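One structure is given below, encoded as structure tokens.
Here the structure is a predicted model, which is why all the values come from computation and not from measurement. FYI, side chains are in, hydrogens and waters are out, and symmetry mates aren't considered; it's all heavy atoms of this structure.
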Amino acid sequence: MDKRFIATDYENKLYSFWEKQGFLKPKTKLKPFTILMPPPNANASLHAGHGMYAVDDILIRYKRIRGFSSLWIPGMDHAGFETQYVYEKQLKKTGKSRLDFDRATLYQNIERFVKDNSGLIYQQFKRLGFLADWSRSVFTLDSAVLERVYATFIKMQTEGYVYRDDYIVNYCPFCGTSLSELEVKHVERIDPLYYLKYGPLVLATVRPETKFGDTALAVHPKDKRYQQWIGKTVDVQGLLGQFKIKVIADETVDPDFGTGVVKITPAHDPHDFEVGKRHHLKVKQVINRQGRLNEHTGPYAGLKVKIAREKIVADLKQKGLIERIDDQYLHAVTVCYKCGRDLEPTIIPNWFIKVKQLKQPVIKAIKDKQVRFFPVRYQKQILQWLEQMHDWPISRQITWGIRIPAWYDINQTNAYLVFLNSQKESVKGYAQDLLKKYPFSQIEAGLQELSAPVGSDYTISVTKPEGQYLQETDTFDTWFSSGQWPLVTLKAEEYAYRFPTDVLGTLSDILPFWVSRMLLFSLYLKKQVPFKNVYLWSMVSDSKGQKMSKSKGNVINPIELVEKYGADAFRASLLFGVAEGSKIPLTEEKVKAMRNFANKIWNIGRFLEMSLKENSTAVDQFELIDKDLKTDEAKLLEEFNKLKAKYQNQMDRFQLSRTFGEVYEFVWHRLADEYLEALKVELRNGNIRTLKLVKNIFVSCLVLLHPFMPFVTEAVYQEFEGSQASLLVAKTT
RNA sequence: GGCCGCUUAGCUCAGUUGGUAGAGCAACCGGUUUACAUCCGGUAGGUCAGGGGUUCAAGUCCCUUAGCGGCCACCA
């Protein structure tokens with residue numbers, strides 16, 4: 001044995017050994033243990049956060065050693081929004097944009113882009129030693145997944161869970177899609193607050209450019225200052241001339257904000273949209289999806305929001321319609337979590353899932369502990385989130401994803417269409433007008449976008465119906481398909497045996513997006529929870545607890561660490577001394593410390609191997625009986641047995657970090673520092689009585705450590721037992 | 001504003017039903033005739049955020065204050 005454990009000499013060799021031995025696949029006819037891997041983005045490469053997938057691997061190996069039929073099924077996610085964003089960024093470098101392509105071509109291009117960039121992450125997972133059954137990998141755009149997603153959608157449609165409605169969504173004009181409430185970020189910002197004169201009243205707003213879409217003014221019903229105006233109509237001098245507007249009373253108006261009077265713009269503000277619904281106000285859109293003012297805004301039509309605002313403010317000032325400006329107004333703005341730009345609340349017809357009934361079984365299952373959360377505090381969080389979950393908008397205005405299988409008869413539906421004509425020019429307009437100028441086939445071939453008004457008839461079908469039908473251009477929200485992950489990864493015949501699966505290990509921040517949706521779909525379609533335990537981990541951060549990001553320049557490339565210190569060291573560093581559910585600071589120092597531990601394990605093995613060899617004749621003849629143990633020997637054995645009992649107990653409760661720490665402590669500071677140091681003296685005196693005992697204890701420790709540090713433990717074990725031996729099937733006490 | 005969590009050695013953090021504090025890294029002193037210097041032995045360093053309470057005994061339980069963080073809601 002070498003003086004040191006050189007990880008790179010062993011890792012690839014051992015991994016292919018495990019592969020050849022068939023350890024990536026489960027043994028049948030044993031108690032099942034199943035984990036579904038959270039599918040990483042298909043075009044992703046390994047980042048530090050993926051390191052925590054090691055948690056799954058630890059459990060898979062632990063259970064395998066304990067005699068379970070461990071199965072870890074991997075997969076990849078098409079990650080609609082994320083991927084299209086990355087693709088478009090790259091496209092931009094070539095001077096093009098998605099608008100240069102028809103939908104079908106764009107899809108194909110992204111598909112090729114993903115194909116070219118995928119697969120790398122599995123290679124990197126293998127370097128980390130993951131015992132997943134790669135042959136069973138599922139991609140979220142595989143035909144089996146599509147079938148499942150369509151079938152679910154059709155079932156939901158049939159059972160009345162699907163509807164279309166105009167909805168005010170957070171629309172990102174830059175990314176060209178609406179974002180769910182979970183995908184928006186709130187940032188605090190100082191903006192000017194304008195006090196505008198509306199006839200006899202004055203109101204405060206940060207968005208004067210939406211004034212053309214105002215359909216009411218509102219005050220608090222108990223506000224003494226404005227009682228006389230409630231229900232009345234006031235005459236207002238505006239930029240486009242004189243107009244009348246009604247004053248309404250609504251409880252949600254904060255009398256302390258500004259003057260206590262607010263303008264209601266249902267088309268461009270979520271709160272106003274709700275108020276508008278309550279008071280049956282007109283919805284008047286004045287900003288389009290490109291983030292520009294539209295034809296209802298007179299001279300401002302065509303201007304981008306920010307520029308329009310400046311101009312409008314200037315004109316208002318000139319006309320004396322601004323009372324004052326508070327330029328130190330601190331408020332929260334919703335921005336796109338992806339590109340960081342201001343979102344434009346916009347009315348867009350959307351597809352929705354009614355969740356009121358669907359979520360009830362989920363809440364019940366969680367309360368009944370059919371699913372358990374580790375750490376437990378997340379149980380409360382997900383319950384809180386479910387309680388106030390409202391209807392789920394499942395449509396996204398992006399191309400990369402599963403296209404909603406709804407078809408519109410274009411002669412009956414006056415949909416808004418955008419397509420590229422045969423000269424590759426962009427044409428926009430309503431179907432009825434366009435069909436007079438262009439043949440249907442040209443519209444169909446060049447189609448980029450279709451937006452059918454709410455209430456349009458549609459046909460749900462996986463294939464195109466007979467006639468002049470165009471398919472919905474919206475795709476399903478990524479989580480609509482990945483939410484059905486547990487229902488597309490197992491084979492039909494496995495459900496009786498492996499479902500619900502045992503553990504879902506994933507990042508805590510996708511608890512609402514993913515975990516809750518999987519529960520929802522699974523309980524809806526299978527009447528069962530998809531997994532019994534949810535193990536949540538947090539962000540891997542830098543040494544100061546800050547999130548790694550390119551802009552901060554604190555990104556650590558895990559593969560570099562693996563190359564330098566070994567996969568075991570990297571894995572262990574993410575577990576050692578980390579509280580379950582807390583942030584996981586990753587530092588090179590820590591990886592180094594764990595590399596040292598791997599080396600320690602190696603050298604304990606080396607020492608024992610050398611000692612056994614030197615004294616082989618004496619050792620062979622000597623048998624130590626339990627009752628002959630001296631106090632310190634008995635004590636060591638007792639401590640080890642205690643550790644082992646604790647180990648099992650804690651591992652089953654997912655206290656991985658603590659368990660690992662305790663084994664570390666025992667192996668290094670107890671077994672090596674104390675016992676082996678004492679044993680050295682004995683050996684010098686030719687006393688070999690405990691050598692076998694210590695070796696057995698050490699090998700048992702290797703078993704305990706194996707899930708955490710698979711490579712070094714297996715390497716040492718093979719030094720003892722030969723190159724075909726494996727801890728994964730070792731028979732130890 | 002609602003719910004949850006955190007505050008322990010210079011840094012990052014452990015500390016399971018309450019029994020006078022630990023690890024890793026960093027620092028200091030000493031030690032290499034071969035298991036490992038990726039090591040061993042030792043030293044220093046904490047009024048366990050502040051205050052109050054329960055108890056024979058509190059880092060650990062209860063109340064409270066402050067600061068930090070997470071989730072949610074609001075934000076015209």
Would you say the side chains of A:Asp250 and A:His279 form a donor-acceptor pair under 3.5 Å?
->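 Looking only at side-chain atoms, A:His279 and A:Asp250 do form a donor-acceptor pair, the distance falling under 3.5 Å.
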Going by atom types only, do A:Tyr62 and A:Asp652 share a side-chain donor-acceptor pair under 3.5 Å?
->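 Yes, side-chain donor-acceptor contact under 3.5 Å.
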Any [X] side-chain N or O less than 4.0 Å from OP1/OP2 of [N]:
X: A:Asn596; N: B:rC39; answer: yes
X: A:Arg606; N: B:rC36; answer: yes
X: A:Arg4; N: B:rU38; answer: yes
X: A:Lys600; N: B:rC36; answer: no

Atom C1', compared across B:rG30 and B:rA23: separation rounded to whole Å |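 Roughly 23 Å separates the two C1' atoms.
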A:Ala204 near the nucleic acid: base, sugar-phosphate alone, or nothing, with a heavy-atom cut-off under 4.0 Å?
->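 The answer is sugar-phosphate, as A:Ala204 gets under 4.0 Å only of primed atoms, P, OP1 or OP2.
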Looking at every strand, decide which applies to A:Lys646 at a 4.0 Å heavy-atom threshold: base, sugar-phosphate, or nothing.
->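 A:Lys646: base contact, heavy atoms under 4.0 Å.
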For RNA chain B, the dot-bracket pattern of Watson-Crick and G-U pairs whose distances stay under 3.5 Å, | for other-strand partners = (((((((..((((.....[..)))).(((((.......))))).....(((((..]....))))))))))))....
Near RNA chain B, under 4.0 Å by heavy atom, which residues of residues 651-670 of chain A?
->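 Hits under 4.0 Å, by residue number: A:Arg658, A:Tyr664, A:Trp668, A:His669.
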Please confirm whether any donor atom in the side chain of A:Lys680 sits under 3.5 Å from an acceptor in the base of B:rA35, or the reverse.
->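 For A:Lys680, whose side chain was compared with the base of B:rA35, there is a donor-acceptor pair (under 3.5 Å).
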N/O donor-acceptor pair, side chain A:Lys590 with base B:rC25, under 3.5 angstrom |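 Absent.
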Shorter than 3.5 Å, N or O on both sides, protein versus nucleotides 60-63 of chain B: list them out with atom names.
none

From CG (A:Asp568) to CZ (A:Phe5), nearest 0.5 Å |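 The CZ atom of A:Phe5 is 5.5 Å from CG of A:Asp568, to the nearest 0.5 Å.
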Rounded distance [0.5 Å steps], CG in A:Leu511 versus CZ in A:Arg517 =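 One finds 11.0 Å between CG of A:Leu511 and CZ of A:Arg517.
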